[in-house]
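Read the structure below first, then the notes.
Only heavy atoms go into these numbers, but all of them, side chains included; no hydrogens, no water, no symmetry mates. In what follows, chains are A, B, ... by sequence order, proteins preceding strands, each numbered from 1.
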Protein chains: 2
Amino acid sequence: MITLTEENYIKAIFHLGKQGSVTVSTNALAEAMNTKASSATDMIKKLAEKNYANYKKYQGVSLTADGKRVAVNIIRKHRLWEVFLVDKLNFTWDQVHDVAEQLEHIKSQKLIDELDAFLDFPTHDPHGDPIPDKQGKFEHVEKTSLSNAKEGVSYVCVGVNDSSVDFLKYLDNNAIALGTVIKVLHKEPFDHSIKIKIDGKELMVSQTVGKNLFLKEA
Amino acid sequence: MITLTEENYIKAIFHLGKQGSVTVSTNALAEAMNTKASSATDMIKKLAEKNYANYKKYQGVSLTADGKRVAVNIIRKHRLWEVFLVDKLNFTWDQVHDVAEQLEHIKSQKLIDELDAFLDFPTHDPHGDPIPDKQGKFEHVEKTSLSNAKEGVSYVCVGVNDSSVDFLKYLDNNAIALGTVIKVLHKEPFDHSIKIKIDGKELMVSQTVGKNLFLKEA
DNA sequence: ATAATTGTTTAGAGCGGTCTAAAAATAAGC
DNA sequence: GCTTATTTTTAGACCGCTCTAAACAATTAT
């Protein structure tokens, strides 16, 4: 039996380490989980014990095939529930995260299969992230952060990294949503702020925004 | 903060003690929770501490107004989820219980309000039990068990007590569902089995069935 | 290359929930 | 009413997950 907390750690390792294949430091994991390094160490040991993680002392942690399977499954559930909340229950994209964090741990294969069908097999969640299919297959989107985008090029917004309520509200206030066309006008070397054009209007965004907004070339 | 386990104990006290107002013995509670009496005692103390339960040593436990409010809220969530699973996700009434037991603990007021609206404010769950409204109001159904029904009288099936998979499957196999009209032909004093008529066909059922099937007069 | 800093692990403890074993209170039998 | 049986509570322990404090390894600086 896999425990709630174990699932959450596995998910964190997956996200921090680019699908769990890159090794993640104990501190980074602890920070992501809002716990202390010692707690992370204990959990890492347990995950290694149960064959969900690869671990060598002082060398960080990555996921085994089993661990990745678990992670992808949770992510699938999380994102399907997000679609449900937005499409059927009138949630906005900044309201879904906390609830989906709870719903993702419900254990029932039939539930998730039926939900998938009920939602008509969606491929992306409300933040633009791809939903793994039943086999765990991911459609990998070619995306770059706004910070790494090229001056003078037009992009389409395909996702966000930070999904905090504040950030999503900021985007709403500035008319940035999935599918919004964004042209990069100028990248300021001094403070890494970026001047962009949305729907004819110019807008100056900070480095923080640049790092958390994902685009693909239009 | 109220814990998962606390919620489950409160729910059990509510169900065992006729809406939580009747005092429940430690053993009965422990049995319902599949744990030992010592564990139940500990939890009862904690619930009393937090003002969810009335407790005097060796005198059993009942719910305070607060405790009842919590219980009703969980039951509301449980039953709404059951409706969702059956109406929207093609679950049968014997498949919903375990999943609803998990879903009932999801914390989000908006979630349950929206779900209620999405399901068009249902008043009963798939087992015929009433769903408390947002204010916790219960429609109390006048129901008797088949065992207590009178010979020669016709009834309508309005609910079940035991919602084990086996029992619900048994009912399905014998074409008994909510709304089914049942006429009580003869109650056998010797083994308390009961002869009933459903849809023109006669059927003999055991005392166990009689105790777990709820009817109201047609 | 040695010292200082940073990152990681261990040791020991606490909390929530469970258990067993034993003690205390209540209920039942005669 | 006294004894026996049952129910309930207490005491002490363990597991999962967390913490702090201290030890240990790795990295960086000088």
Side-chain angles (χ1 to χ4, degrees), chain A residues 1-14 16-17 20 22-63 66-67 70-71 74 101-102 104-107, chain B residues 1-14 16-17 20 22-63 66-67 70-71 74 101-102 104-107:
Chain A
M1 186 79 284
I2 187 163
T3 197
L4 213 192
T5 316
E6 286 167 2
E7 285 191 351
N8 282 329
Y9 271 91
I10 289 174
K11 192 175 54 146
I13 298 170
F14 186 89
L16 289 173
V22 175
T23 165
V24 172
S25 80
T26 304
N27 264 357
L29 183 56
E31 165 140 11
M33 293 300 298
N34 279 310
T35 77
K36 295 299 155 76
S38 53
S39 306
T41 301
D42 282 355
M43 181 54 77
I44 289 169
K45 280 188 199 162
K46 200 161 59 131
L47 293 179
E49 190 77 22
K50 291 189 175 185
N51 239 312
Y52 294 122
N54 307 115
Y55 173 56
K56 285 236 284 284
K57 273 190 194 177
Y58 297 98
Q59 301 302 119
V61 63
S62 63
L63 293 181
D66 264 21
V70 170
I74 299 171
E101 290 265 291
Q102 299 178 61
E104 72 188 8
H105 299 290
I106 304 290
K107 282 167 183 43
Chain B
M1 187 78 284
I2 188 161
T3 197
L4 212 190
T5 317
E6 287 168 2
E7 284 191 352
N8 283 330
Y9 271 92
I10 289 175
K11 192 176 52 150
I13 297 170
F14 186 90
L16 289 173
V22 175
T23 163
V24 172
S25 80
T26 304
N27 264 356
L29 183 55
E31 166 138 10
M33 292 301 297
N34 279 310
T35 130
K36 296 299 156 77
S38 52
S39 307
T41 301
D42 283 354
M43 181 55 76
I44 290 169
K45 280 189 201 163
K46 200 159 57 130
L47 293 179
E49 190 77 23
K50 292 189 176 186
N51 240 309
Y52 293 122
N54 306 116
Y55 172 57
K56 286 237 282 287
K57 275 191 193 179
Y58 297 99
Q59 301 301 120
V61 63
S62 63
L63 293 181
D66 264 21
V70 170
I74 299 171
E101 290 264 292
Q102 299 179 61
E104 72 190 7
H105 299 290
I106 304 289
K107 281 164 184 48

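If you check every strand for non-hydrogen atoms under 4.0 Å, A/Thr41 touches a base. When heavy atoms are screened at a 4.0 angstrom cut-off, B/Ser39 is found touching base atoms of the nucleic acid. Among the heavy atoms of the strands lying under 4.0 Å from A/Ser38 is at least one base atom, whether or not backbone atoms are also near.
Put simply, CG on A/Asn34 is 11 Å from P on D/dT18, counting in whole angstrom units. Atoms CD1 (A/Ile2) and P (D/dG16) sit 14 Å apart, rounded to a whole Å. One can place CE of B/Met1 at 16 Å from C1' of C/dC15, the figure rounded to the nearest angstrom. One can place NZ of A/Lys56 at 18 Å from C1' of C/dG7, the figure rounded to the nearest angstrom. As rounded to whole Å, 10 Å separates atom C1' of D/dA11 from atom CG of B/Asp42. Put simply, NZ on B/Lys36 is 17 Å from C1' on D/dC15, counting in whole angstrom units. In this structure, A/Tyr58 atom OH and D/dA25 atom P are separated by 6 Å, rounded to whole Å. Distance A/Gln59 CD to D/dT27 C1': 12 Å, rounded to the nearest Å.
Distance check: B/Ile74 CD1 to B/Asn8 CG gives 7.0 Å after rounding to the nearest 0.5 Å. Separating the CD atom in A/Gln59 from the CG atom in A/Asn54 is a distance of 12.5 Å, to the nearest 0.5 Å.
Along DNA chain D, the nucleotide closest to A/Lys57 and the one closest to A/Met43 are compared, and the more 5′ of them pairs with A/Met43.
For the segment residues 47-55 of chain A, the set of residues with a heavy atom within less than 4.0 Å of an atom of DNA chain D is empty.
Proximity note for A/Tyr9 (side chain, C-beta onward) versus D/dT18, D/dT8, C/dT8: the nearest is D/dT18.
In this structure, B/Tyr52 and B/Ile2 have side chains that are in contact, with non-hydrogen atoms separated by less than 4.5 Å.
Contact between the side-chain N/O atoms of B/Asn27 and the OP1/OP2 oxygens of D/dT8 is found at a separation under 4.0 Å. Dashed line: the shortest gap from a side-chain N or O of A/Lys45 to OP1 or OP2 of C/dT9 is not under 4.0 Å.
Side-chain N or O atoms of B/Lys45 include none that pairs as donor or acceptor with a backbone N or O of B/Tyr55 at under 3.5 Å. Not one N or O on the side chain of B/Thr41 forms a donor-acceptor pair closer than 3.5 Å with the backbone of B/Thr26.
Annotation: side chain to side chain contact (heavy atoms under 4.5 Å, CB included) contacts of A/Ser25 (sequence neighbours excluded): A/Asn27, A/Ala28.
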Intermediate values then yes/no, side-chain contact (heavy atoms from CB on, under 4.5 Å), A/Leu47 and A/Val61: CA-CA 10 Å; A/Leu47 293 179; A/Val61 63; over 6 Å; no
